[in-house]
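The structure appears below as structure tokens.
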Amino acid sequence: MMRNLIIFLLPFFLYANYSDRGPHEVVTSIDNFTLTDGQSIEYTFYEPVEINHITQVTLVHAFSRNMDSYHELAEHYASWGLGVITMNLLHSSIFDNDPLQDAIYIKEVSDNFSDGRPTIYVGHSAGAMRAIVAATEDTNAIAILGLDLTDGAYEDSGGEFLGLMHAHMLSIPIWGMLGEPSSCNAFGNGLNVYLEAENGNAISIAEADHCDFEFPTNIVCSLLCQEENETFNESSIKSIILNLSTSFLLYHNNNLADLNLLWTPGNHYYDDLIVQGAIEQLTLLDIKNTDYMPNNIILDSNYPNPFNPVTSIYYEIIEESFICIKIKDIMGRHIITLTDRNHSTGKHIIQWDGNNSIGDQQPSGIYFYIIENENYSITGKMTLLK
């Protein structure tokens, strides 16, 4: 069993690192925002330090939850250079459930903090439904990510399912991850939204429960929604959620160094998850409207890792192309460019001795190596020890 677990986890370590905390420190602000109708809504704003974030994430909590259930997730996204706003919804409880009014407030708060920046809406469960409704009125919205989306029909919608009805109005990408069908996620009814959306895409995560999309969850959700796992442990499932969701956000952040859209066929991380049965593609994935090109780089990690004083980075080029390899520190600062030239097809090795571009030895710590060509980028992580 342990051997199978190691085999399962190996591809995650080789091909993805977005489940780790990003390179930026995060400042958190908690306050109340006065809405145009005079009501007050509590919010938390997460802002990365030493970087002017170009994209905002509006993170919407699930029904009968609050923003505290997502503070770790919000901070994680912000550590990768994104501004993140969360809020306590006013009409999302068993005593007062008005998703349309919530959507109006979500958009108003999002507008205030985006300051005209492109906005990606992320929502969990019925929060994803509300996020879709809010995005239909937001001209800054560029993408939507659903975390185990649940849809619902309400009197004010004429009996129509809100997510499904509003998704038809949007041409921006509506992508999502679904857990195992259960009563907690309306038996996976959110899948219909992605199937009908113009640019919809959905995957399921094997043995993922509704609570796995909360960071952190609590004992109530665990008791109601959590099932025993047989193959994949909670840590592995959380890693998949963080890797895929963070990759999606960074891809739409237009950061070329983070253009590695992990859940695209041809990407080794995605392909390994499919082979292992960790995820299943539920929709026909159409990415013709993105800048993505098929992967031309296979990253075989670096060895040794941790290292002192020298490590070797192993990689393979599928077709002859111009390749650049850069080293950055945990703050995202450029350390050195190892190579910037045309590469022939085949396997390659390059070494880093821990020095920067002027020959100064770097301190102990975590560093990232970024291998990229004109259309594709992939990132690995290594640790320098003195």
Side-chain angles (χ1 to χ4, degrees), residues 3 5-25 76 79-81 235-236 239 242-243 246-247 250 255-260 262 267-273 295-386:
R3 179 177 180 273
L5 178 60
I6 293 173
I7 292 173
F8 169 68
L9 290 176
L10 184 60
F12 302 163
F13 296 136
L14 290 180
Y15 302 121
N17 69 322
Y18 296 133
S19 62
D20 296 336
R21 184 182 175 87
H24 302 287
E25 294 299 318
H76 178 85
S79 75
W80 284 96
S235 176
S236 301
S239 175
L242 287 175
N243 272 314
T246 308
S247 167
L250 293 178
N255 185 342
L256 293 180
D258 295 307
L259 199 58
N260 183 13
L262 294 181
N267 178 288
H268 284 269
Y269 180 74
Y270 172 95
D271 290 346
D272 285 338
L273 292 180
N295 178 15
N296 186 41
I297 306 167
I298 299 175
L299 177 60
D300 291 328
S301 193
N302 67 295
Y303 183 83
N305 189 23
F307 71 97
N308 180 25
V310 178
T311 189
S312 297
I313 300 169
Y314 298 83
Y315 58 103
E316 183 176 354
I317 306 303
I318 305 304
E319 294 182 359
E320 181 178 347
S321 61
F322 204 89
I323 298 293
C324 178
I325 302 179
K326 297 177 289 188
I327 306 295
K328 291 187 177 183
D329 66 13
I330 197 168
M331 296 300 295
R333 294 175 295 222
H334 178 77
I335 302 300
I336 190 172
T337 298
L338 298 181
T339 185
D340 190 14
R341 62 174 178 81
N342 194 63
H343 278 55
S344 60
T345 300
K347 296 183 177 181
H348 299 265
I349 303 173
I350 196 165
Q351 291 186 324
W352 184 46
D353 59 6
N355 291 333
N356 65 10
S357 58
I358 60 174
D360 293 334
Q361 185 67 31
Q362 299 304 290
S364 297
I366 296 173
Y367 294 86
F368 298 96
Y369 50 99
I370 302 160
I371 306 177
E372 60 187 359
N373 60 17
E374 182 180 356
N375 300 308
Y376 189 82
S377 172
I378 190 166
T379 302
K381 185 180 73 172
M382 55 189 170
T383 302
L384 173 60
L385 293 180
K386 295 295 184 68

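In what follows, every heavy atom counts, from backbone to side chain, and hydrogens, waters and symmetry copies are set aside.
Every side-chain contact (heavy atoms from CB on, under 4.5 Å) that S312 has, sequence neighbours left out, goes to Y314, I349, Q351. Residues passing the ring pair (Phe, Tyr, Trp, His ring centres under 6.0 Å) test with Y315, sequence neighbours excluded: H343, H348. With sequence neighbours left out, N356 forms a side-chain contact (heavy atoms from CB on, under 4.5 Å) with I335, I358, D360, Q362.
Here the closest heavy-atom approach between residue D340 and residue T337 is recorded as CB-CG2, 4.1 Å. Smallest separation of non-hydrogen atoms from P306 and L385: CB-CD1, 3.5 Å. Across all non-hydrogen atoms, the minimal contact from W80 to D20 is NE1-O, 3.1 Å. Here the shortest heavy-atom pairing between E316 and K347 reads OE1-CE, 3.8 Å. Considering every non-hydrogen atom in both H24 and R21, the closest pair reads O-NH2, 3.8 Å.
Dense packing is recorded around CZ of F322, with more than 12 heavy atoms of other residues, nucleotides or ligands lying under 6.0 Å away.
For the atom pair CG of N17 and CZ of F368, the computed distance is 5.5 Å after rounding to the nearest 0.5 Å. With rounding to the nearest 0.5 angstrom, the CG atom of L338 is 11.0 Å from the CD1 atom of I370. Going from atom OH of Y369 over to atom CG of N305 covers 6.5 Å, rounded to the nearest 0.5 Å. Atom CG in N342 sits 10.0 Å away from atom CD1 in I317 (nearest 0.5 Å). Between the CD1 atom of I325 and the CD1 atom of I313 there is a distance of 6.0 Å, given to the nearest 0.5 Å.
A 4.5 Å side-chain heavy-atom check between P309 and D353 finds every atom pair outside the cut-off. Put simply, the side chain of L273 does not reach to within 4.5 Å of the side chain of L262, judged on heavy atoms. Side-chain contact check for F307 versus L384: some heavy-atom pair is nearer than 4.5 Å. A 4.5 Å side-chain heavy-atom check between C324 and T339 finds every atom pair outside the cut-off.
Remark: the backbone N or O of E25 is not paired with any side-chain donor or acceptor of S79 at under 3.5 angstrom.
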